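Each chain gets a letter, A, B and so on, in the order its sequence line appears, and its residues count up from 1. Please read these numbers as outputs of a predicted model, since none were measured by experiment.
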Amino acid sequence: MKTKILQEDLIYEILSAVEEIPEGKVATYGQIARLTGREKNARLVGKVLSMAQYYGSYPCHRVVNHAGRLAPGWAEQRFLLEAEGVAVKDNNSVDLKKYQWNC
DNA sequence: GGTGTGACTTTAT
DNA sequence: GATAAAGCCACAC
């Protein structure tokens, strides 16, 4: 992490937390938000995370919502998760019980 | 500098 | 189990 493309520390922390998610695991937005220091920032994480790709290449595909559902309108996320060994259901959701990141 | 907005979460019905 | 509503906060425009 040397290239400081981000001007906002919040985004930087969010992306850092996302990068800590091990392969084959997923984390919820709320969890990321909690790691960043704000439990209520879950919505921010989602929005900011979407832009995260614009800021740089981050494994935002490992982040899902509390129901384990993937981002709507983002079919590629499913493919990326499956590539890491995460079983994605037909309804674009994952088993949080098995794949949720143990923080 | 104010407004709209969202890839969420939780609680309540 | 599903649906509804409220809360929440920083980013983009």
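- Nucleic acid contact class of A:Arg69 (heavy atoms, under 4.0 Å, all strands): none.
- The salt bridge (Lys or Arg N to Asp or Glu O under 4.0 Å) check on A:Glu84 picks up A:Arg62, with sequence neighbours excluded.
- For A:Lys40, there are no salt bridge (Lys or Arg N to Asp or Glu O under 4.0 Å) partners two or more places apart in sequence or in a different chain.
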Please encode protein proximity along nucleotides 4-13 of chain B as a string of B, S and -, counting only heavy-atom distances under 4.0 Å. BBBBBSB---

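- A:Asn91 meets the side-chain contact (heavy atoms from CB on, under 4.5 Å) test with A:Lys89, A:Ser93; sequence neighbours excluded.
- The hydrophobic cluster analysis finds A:Phe79 isolated: no Ile, Leu, Val, Met, Phe, Trp or Tyr side chain comes under 4.5 Å of it, directly or through other members.
- Under the rule for a salt bridge (Lys or Arg N to Asp or Glu O under 4.0 Å), A:Arg43 has no partner lying at least two apart in sequence or in another chain.
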